[in-house]
2 protein chains.
Amino acid sequence: MRVRIDDVAKAAGVSMKTVSRVLNEEPNVSDETRRKVQEAVEKLRYRPLASARLLAGRRSNLVAMLYDNPSSNYLMEVELGVLDACQSQHYNLMLAPLDYRARDIVAKVESLVVQSQLDGVVLTPPITDDRALLARLDEIGVPYASVSAQERNRRIGVFVDEESAARDMVLHLVSLGHRRIAHIKGHAAHGASRWRLAGYRAGLREAGIAYDPELVVAGRFFYESGYEATNRLLDLPQRPTAIFAANDDMAAGSICAICERGLAVPRDISVCGFDDMPVARFIYPSLTTVRQPSRDMGRLAGLEVIKAIRERGAGENIELPYTLQLRRSTGAVPG
Amino acid sequence: MRVRIDDVAKAAGVSMKTVSRVLNEEPNVSDETRRKVQEAVEKLRYRPLASARLLAGRRSNLVAMLYDNPSSNYLMEVELGVLDACQSQHYNLMLAPLDYRARDIVAKVESLVVQSQLDGVVLTPPITDDRALLARLDEIGVPYASVSAQERNRRIGVFVDEESAARDMVLHLVSLGHRRIAHIKGHAAHGASRWRLAGYRAGLREAGIAYDPELVVAGRFFYESGYEATNRLLDLPQRPTAIFAANDDMAAGSICAICERGLAVPRDISVCGFDDMPVARFIYPSLTTVRQPSRDMGRLAGLEVIKAIRERGAGENIELPYTLQLRRSTGAVPG
DNA sequence: ATGAAAGCGCTAACAA
DNA sequence: TTGTTAGCGCTTTCAT
């Protein structure tokens, strides 16, 4: 029925072990023997069984991506990058959606890692910052790479300097003449929210604009939360001339809320976001935003775990550059 | 080091097999014994090794989702649904991006299925329609469920009646007074493109409007292709008063192209799409579109494979309803 | 450079 | 209801 390694051995006229050597690209096989084995493998369409290899002590060539909030555009982009890395390195990718608030997250991840013998995992925010989980992963000895982890030293993964990026964005708004600049914060559990808020404040400071707590409202990274936050801002006695949302989805919600009041973007109010997801180009007016190379971040995180898997101690925390994407949603402060 | 089944057996004062019985929820274990075993499992934090179980002949509890073009919004929605189904049924999900045009797609899938001992796979368009692949999967005996497969009999999976949906959308445009209705086609490899075009023609026919090939232009489901297609339509001597794009991404591109010419949607031209992806609500004006329950489709496809895995011969091809989402991008014919 | 034998950790089949 | 035995298909020793 199923072709096994000794079928191949028989067909090639060698021992099982030799076939195994060829398959695993081990040394000490003559070219002639190697060729014979490869032919037999080809002819019999032999595929070594992952579970048997694994049980006998080899690697799984399997990594998992852990994430909360699967429906975020941002995570989908990261996922594409990780997938890309896995493909290029002949790894398979498993998806593990988790609730970052769940009590049993450590146990869940441990089960997955141990049971499926994962070679490594990729962590995405805010799971990147779960100390208990990281400690456990270290104990078990599974390499992991983080995307935008809050703690930046002694980690392997990828990040961008989001604080500087947010500051630059604010300074851009200032350069357009804006001084009443509002900020819609992201979800509190995410480091990104902290960094972006800090950058917002830094930008104001550099521009010599006083921080006005009234202009900073809560959001949760969703479209709806941007919509609602903007309505609160528009109800202010003196409304802002620019709104800096902590991500693109919220900025899209912001634009919608503004338009619904009969105001125009950027004529009456400028809006900008963060991330540069595809939606930033699709909406009208197209969104000025901070471009974070999410897909590349996913790819690099994937490559770094795999590097760490292959060579213990390898892997680093890589900083990637951001860029400001100036599009149509920001303009000069109204007359 | 690692806790094994006989450690648990020893701790519980029973045999390995009894532990195995408890773990696999097999009958013929006394409540008392079961309790003792569970306690031991708990205390030792025992996790059975998937590879060992698998090698000994059990299921992998692993399914893979096969797809081409990973960056499509639509597929991400489907993925979320599949993921959901897997979680609820204690299955793990692997992701297998493929090139539907690749020569070796059958071999690739076969390797994956055989090597990783996948219990089943979920197919998404256009991989759903690769006869050679389906034949091979049938041979190997791996259950699979398809999302929107072209062939609808003798399949398990999910679909919606896209042709009727497209027809209804055209009739909606007609009811608004439109008679010069254009269509931007989808990618030729997808059944969806055929059905939506057929529905477009059926709608025109029912409304007594002659089919004008000039008004039907090629697209490939991407934003950019919608943008370009629309520019071609706008260059026509007599331009359409409504554009029906075969999906939302292209409709977004269409709106952008229209706005760039200083025209307004829906004042000058109505635009509608298909799928009802999140972007349909985010763009301005919000998009009139056919709601296809992509996430539920993913979920059901996932549940159907799992059903087929558990009980050979089970599983069916389920039709799900569509709805017209009337939003702001369509309106009465100008003047 | 190649091979023989002994597991890896579990479950299936059989026995008791 | 419970236990014993013999693999599952591969890779690891350790020989040769």
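Chain identifiers are assigned alphabetically (A, B, ...) following the order of the sequence lines, protein sequences preceding nucleic acid strands; residue numbering begins at 1 within each chain.
Comment: B/Arg59 does not engage B/Asp119 in a salt bridge, judged by the lack of any side-chain N to carboxylate O separation of less than 4.0 angstrom.
For B/Glu39, the side-chain contact (heavy atoms from CB on, under 4.5 Å) test picks out B/Arg35, with sequence neighbours left out. With sequence neighbours left out, the side-chain contact (heavy atoms from CB on, under 4.5 Å) criterion links B/Lys17 to B/Ser15, B/Ser20, B/Arg21, B/Glu26. Listed by chain and number, the residues in a ring-ring contact (aromatic ring centres under 6.0 Å, His included) with B/Phe221 are B/His190 (sequence neighbours excluded). Remark: B/Arg155 engages B/Leu134, B/Tyr144, B/Ser146, B/Ala149, B/Glu151, B/Asn317 in a side-chain contact (heavy atoms from CB on, under 4.5 Å) (not counting sequence neighbours).
Rounded to 10 degrees, the angle separating the terminal axes of the helix from C/dA1-D/dT16 to C/dA16-D/dT1 is 30°, with each axis obtained from five end pairs.
Here the range on DNA chain D touched by chain B, meaning any atom under 4.0 Å from one of its heavy atoms, is D/dT1 to D/dG9. Taking 4.0 Å as the cutoff to heavy atoms of chain A, we find the contact window on DNA chain C bounded by C/dA1 to C/dG9.
Identified under the salt bridge (Lys or Arg N to Asp or Glu O under 4.0 Å) test for residues 102-117 of chain A, with sequence neighbours left out: A/Glu110-A/Arg136, A/Glu110-B/Arg45. Residues in residues 72-81 of chain A take part in these side-chain hydrogen bond (donor to acceptor under 3.5 Å, both in side chains) pairs, two or more places apart or across chains: A/Asn73-A/Asp249. Here side-chain hydrogen bond (donor to acceptor under 3.5 Å, both in side chains) pairs that include residues 123-132 of chain B, with residues two or more places apart or in two chains, are B/Asp129-B/Gln150.
When all heavy atoms of A/Val122 and A/Gly302 are compared, the pair lying nearest together is CG2-CA, 4.3 Å. Nearest approach of A/Pro126 to A/Ala189, heavy atoms of both residues: CB-O, 3.5 Å. A pairwise comparison of heavy atoms in B/Tyr100 and B/Asp68 identifies N-OD1, 3.1 Å as the closest pair. Nearest heavy-atom pair across A/Val147 and A/Ala301 is CG2-CB, 3.7 Å.
With the nearest nucleotide of DNA chain D identified for both A/Lys17 and B/Gly13, B/Gly13 has the one nearer the 5' end.
Environment of CZ in B/Arg312: crowded, with over 12 heavy atoms of neighbouring residues, nucleotides or ligands closer than 6.0 Å. In the displayed structure, B/Glu32 atom CD is contacted under 6.0 Å by more than 12 heavy atoms of other residues, nucleotides or ligands.
No side-chain heavy atom of B/Val158 sits under 4.5 Å from any side-chain heavy atom of B/Arg299.
For DNA chain D, the residues of residues 21-32 of chain A within the heavy-atom distance limit of 4.0 Å (strictly under) are A/Asn24, A/Glu26, sorted by number. The stretch residues 46-61 of chain A touches DNA chain D through A/Tyr46, A/Pro48, A/Leu49, A/Ala52, A/Arg53, A/Ala56, A/Arg58, each having a heavy atom under 4.0 angstrom from the strand.
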